[in-house]
2 protein chains.
Amino acid sequence: MEALLTNLKIRISDKIYIKDPESSDLGRKILKNSIELLDELGFEQFTFKKLGARINSPESSVYRYFENKHKLLLYLTNWYWGWIEYKLVIETYGIPEPALKLKKAIEVVADEVNIDNRFDHINEILLHNIVVFDSRKIFLTKDVDQENTEGHFMFYKQLAKRLTDIVQDADPEYKYAKTLVTIILEETMNQQFLKKHFPTITDCNENVSVTEVLTHMVFNNLNINNE
Amino acid sequence: MEALLTNLKIRISDKIYIKDPESSDLGRKILKNSIELLDELGFEQFTFKKLGARINSPESSVYRYFENKHKLLLYLTNWYWGWIEYKLVIETYGIPEPALKLKKAIEVVADEVNIDNRFDHINEILLHNIVVFDSRKIFLTKDVDQENTEGHFMFYKQLAKRLTDIVQDADPEYKYAKTLVTIILEETMNQQFLKKHFPTITDCNENVSVTEVLTHMVFNNLNINNE
DNA sequence: GCTAAATTAATAGTATTACTATCATTTTTT
DNA sequence: AAAAAATGATAGTAATACTATTAATTTAGC
């Protein structure tokens, strides 16, 4: 099965890029190196000029792929959520029991990330760091609403919807499934951030995983027969 | 009691500003107008030049109070959390019953904000909008760790600690009090944000308040006798 | 009420960022 | 081999995020 799925492509909306970065050597080089550079510098310090210097291309060439660095970050986070959704579907497909399915779903979202060899030139571990650190910045701008109508956050919303269905399947009576799901998604990232930078105000640490805490919290909230 | 407390001052660490903005007319003008302008423009579009234009002072005068706009935002969010902590102490002081105290605490953190006449030149409603929208940006920079050691996030951590004690009082057996508290704090803001910009992925709306949902979730998690 | 000290205004200047434009060169397609 | 497309090399602009300097004004101490 693994072998069959090589050279998969996560399809990102063409409104996010000017020229599909997956369609050329330079484009793929931009993706690979922007992930590495974003991880190193953070979003604020990252510039197309620095990226250009790193790949020995003028910044104007980068601008032929992405309008600006915000769109590039948008591309990468969409890729990340698309990838998580993809893993979610595959890994929960064969599980008939709703509670077990939910348990697995939380693992897919919250567990530590490993390199996925099916996708070349994307370092999923570094990308995960970027998502933890910078992904909220794509929402938190004055253009949210317009970007939202343009479908720039589709993958995230789609993933939230899919998870909501799983929660609702596990407990059809539960009233706040949507909020519970956004808490799972946001707090996965937030708790990972706190664990690293503010260890005194979180219970997550070397021995207690984010998955463990969130799973506990979710199942405590739901009313589930067999668990 | 209200009257007694007029002209209170929330003490912000002097490492955050160059000159105390509460100490002069110009300083207070900077605070008042930066809150309004940040609310209008958002953090990214806000500049000291625009602020200067609004208050008819050169930007160089603003730089005498704050090193840069990041520090200004830090000042304002610290003020906000200091204010919430202050309200928390006052409003929960007389409540002996731990569960009720916790209930009240969540209200103080998550309820809609009103103008507090004890603090002139600070519009708490606008400030709350800024906190919902921009406050995460003070953490999410490459300098977090250094800023943290310099005590720039004291108010937030202090508030988290105080809330953790209240949770632990209500249920001494609960294992994940710290994480529960950071979820209350962050999701207060996140759910308010979603309610406004992504209503399809949250249960919070006109009729269902953020306080209600978070309270439900917290109490569902804890093991509490009388409630 | 005067002097000194501190604060603010007015103005100019610099390095960096976030782009856009142009044209030459290389690569790809047919 | 010619045409089309992509990339490189280079230049330029407006805005941002500051720093510096000097003049004018306000405030504080006596």
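Note: hydrogens, waters and symmetry copies are ignored here, and every other heavy atom, side chains too, is used. Convention: sequence-line order gives letters A, B, ...; per-chain numbering from 1.
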A:Arg28 atom CZ is separated from D:dT7 atom C1', nearest whole Å, by 15 Å
Protein heavy-atom contacts under 4.0 Å, written 5' to 3' over nucleotides 17-30 of chain C as B (base), S (sugar-phosphate only) or - (none), form the string SSBBB---------
**Prompt:** Are B:Ile130 and B:Tyr80 side-chain neighbours, meaning at least one heavy-atom pair lies under 4.5 Å?
**Reply:** no
To the nearest angstrom, the CG-C1' distance between A:Asn56 and D:dT7 comes to 13 Å
Closest of D:dG8, C:dA10, C:dT8 to the B:Lys19 side chain is C:dT8
Worksheet item: Should B:Ser61 be listed as having a side-chain N or O under 4.0 Å from OP1 or OP2 of C:dA9?
Response: yes
- Query: Do B:Thr141 and A:Glu44 get their side chains close enough for a donor-acceptor pair, meaning under 3.5 Å?
  - Reply: no
*Could you check whether the rings of B:Trp79 and B:Phe119 sit parallel, tilted or perpendicular, using 30° and 60° as the cut-offs?*
perpendicular
- Query: Closer than 4.0 Å, any side-chain N/O of A:Ser24 to the OP1 or OP2 of D:dT7?
  - Reply: yes
message = Is there a side-chain contact between A:Ser57 and the phosphate of D:dA6, meaning an N or O under 4.0 Å from OP1 or OP2?
response = no
Tested for side chain to side chain donor-acceptor pair (under 3.5 Å) against A:Glu22, the lone hit among A:Arg11, A:His121, A:Arg28 is A:His121
Query raised in the report: Do the ring planes of A:His197 and A:Phe193 sit parallel (below 30°), tilted (30 to 60°) or perpendicular (above 60°)?
Result: tilted
From NZ of B:Lys29 across to C1' of C:dA9 the rounded distance in Å is 12 Å
Atom CG of B:Leu51 and atom P of C:dT8 are separated, to the nearest Å, by 14 Å
- Query: Within the structure shown, what part of the strands sits under 4.0 Å from A:Tyr65 by heavy-atom distance: base, sugar-phosphate, or nothing?
  - Reply: sugar-phosphate
**Asked** Would the A:Phe198 and B:Tyr156 ring centres measure less than 6.0 Å apart?
**Response** no
Taken to the nearest whole Å, CG/A:Asp20 to C1'/D:dA6 is 15 Å
